[in-house]
Amino acid sequence: MIAVFDNFLNEELLNEIKNDPTLFEDPGIYYYWEGGWWEQSIVQIPTIKQKLIEAIWGENCPISESFEINGFEYWTGIQSANPDLGHEDVLPFHYDKDEALFAQTGEIVTPVIGTVFYPGIEEFEGGDLAIYTDGPDSTPEIIKAKPNRLIIFGAGDYIHEVKPITKGTRHAIAINLWNQRPYTTAPQGTPMALKEE
């Protein structure tokens, strides 16, 4: 499944995301875990990432398919055409999996479904998402990266990549749904650093 939704968030939440200086302070370094709003036993002020998860997968979920899940793994990513910023301009072939488990055991465990959201922090060119539904030697489905666009797809089923950024910087928020908590994530609210491969 690949589903694309434009103008997904309302302006209030979209502006809150764009104006949160902490949202992209650790791009590609940490995976986080959120057990879900239905598990909250105490009243707390939700973070912007929690608000985004609930906006996508809660009452306003744009797809009718349902999934039995344990929670959400999420992280942020930045690709830039400017090498001075310290970010790569591409994200090579991969499929989403429990990275820590794979590094320790070689076992591949994948999420139920994946999500990519582009908040449109700044203008950029390139950086399209290429999804190879028929394998890496096939012609990919190309989905343009554009502000306020949500993509839902089998991130653990299909090899995918981010094509080169040719101008500016691309910000993305990835959210995977899991039926069991991946080893890659630390206890709720704390980050687990990615291991170097």
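- For the pairing with Phe117, the side-chain contact (heavy atoms from CB on, under 4.5 Å) check across Leu14, Ile175, Ile151 returns one residue only, Leu14.
- For Asn148 (side chain) and Leu9 (main-chain N/O), a donor-acceptor pair under 3.5 Å exists by modelled atom type.
- Checking each of Asn176, Leu177, Ile56 against Phe72 for a side-chain contact (heavy atoms from CB on, under 4.5 Å) leaves exactly one that passes, namely Leu177.
- A single hydrophobic cluster is not seen to contain both Leu129 and Leu150; linkage of ILVMFWY side chains at heavy-atom distances under 4.5 Å, directly or through other members, places them apart.
- Using a 4.5 Å cut-off on side-chain heavy atoms (C-beta onward), Val90 and Lys163 make no contact.
- In the hydrophobic cluster analysis, where Ile, Leu, Val, Met, Phe, Trp and Tyr join through side-chain heavy atoms closer than 4.5 angstrom, Leu91 is grouped apart from Phe24.
- Counting only N and O atoms by type, the side chains of Glu161 and Tyr132 include a donor and acceptor under 3.5 Å apart.
- Here the CD1 atom belonging to Ile173 is positioned 8.0 Å from the NZ atom belonging to Lys49, to the nearest 0.5 angstrom.
- For the pair Trp57/Ile63, a side-chain contact is recorded, criterion being any heavy-atom separation below 4.5 Å from C-beta on.
- Taking all atoms of both residues into account, the shortest heavy-atom contact from Thr110 to Gly156 is CG2-O, 3.5 Å.
- Residue Leu101 holds its CG atom at 4.0 Å from OG1 of Thr105, rounded to the nearest 0.5 Å.
- For the pair Gly127 and Ala145, the tightest heavy-atom approach, listed with the atom from each and the gap, is O-CB, 3.4 Å.
- The cluster map of Ile, Leu, Val, Met, Phe, Trp and Tyr, joined by side-chain heavy atoms under 4.5 Å apart, puts Phe153 and Tyr95 in different clusters.
- Across all non-hydrogen atoms, the minimal contact from Ile17 to Pro119 is CG2-CB, 3.6 Å.
- Ile131 is not listed as a side-chain neighbour of Pro140, based on a closest heavy-atom distance of 4.5 Å or more.
- Here the straight-line distance linking atom CD1 of Ile121 with atom CG of Leu23 works out to 6.5 Å at 0.5 Å rounding.
- Across all non-hydrogen atoms, the minimal contact from Gly154 to Ile113 is N-CD1, 3.9 Å.
- A donor-acceptor pair is defined here as one N or O able to donate and one able to accept, closer than 3.5 Å; such a pair exists between the side chain of Asp98 and the backbone of Tyr183.
- Note: the hydrophobic cluster containing Val162 does not contain Ile78 (ILVMFWY, side chain heavy atoms under 4.5 Å, direct or indirect links).
- Minimum heavy-atom separation, Asn179 to Asn70: O-CB, 3.4 Å.
- Side-chain contact, Ser80 with Asn82: no donor N or O sits under 3.5 Å from an acceptor N or O.
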Given Met1 and Ile152, is the side-chain contact (heavy atoms from CB on, under 4.5 Å) satisfied, shown in steps?
CA-CA 8 Å; Met1 171 197 14; Ile152 298 173; 4.3 Å; yes
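- Residues Val116 and Ile159 do not share a hydrophobic cluster, defined by chaining ILVMFWY side chains whose heavy atoms lie under 4.5 Å apart.
- A cation-pi geometry, defined here as NZ or CZ lying under 6.0 Å from the six-membered ring centre and within 45° of its normal, holds between Lys97 and Phe102.
- Within the cation-pi definition used here (under 6.0 Å to the ring centroid, within 45° of the axis), Lys167 does not qualify as a partner of Phe124.
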Could you give me the CA-CA distance, side-chain angles and deciding distance for Phe93 and His160, then say whether ring-ring contact (aromatic ring centres under 6.0 Å, His included) is met?
CA-CA 5 Å; Phe93 277 144; His160 51 284; 9.7 Å; no
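- Once rounded to the nearest 0.5 Å, the distance linking OH of Tyr32 with CD1 of Ile53 reads 12.0 Å.
- Proximity of a side-chain donor or acceptor of Gln50 to a complementary backbone N or O of Thr47 within less than 3.5 Å is detected.
- Within the model, atoms CZ of Phe5 and SG of Cys61 stand 7.5 Å from one another, a figure rounded to the nearest 0.5 Å.
- Using a 4.0 Å cut-off between charged side-chain N and carboxylate O, Lys51 and Glu16 make a salt bridge.
- Applying the 6.0 Å contact sphere to CD of Glu122 captures more than 12 heavy atoms from other residues, nucleotides or ligands.
- A side-chain N or O of Trp178 and one of Glu73 form a donor-acceptor pair less than 3.5 Å apart.
- Within the model, atoms OH of Tyr158 and OG of Ser138 stand 11.0 Å from one another, a figure rounded to the nearest 0.5 Å.
- Not one N or O on the side chain of Arg149 forms a donor-acceptor pair closer than 3.5 Å with the backbone of Tyr118.
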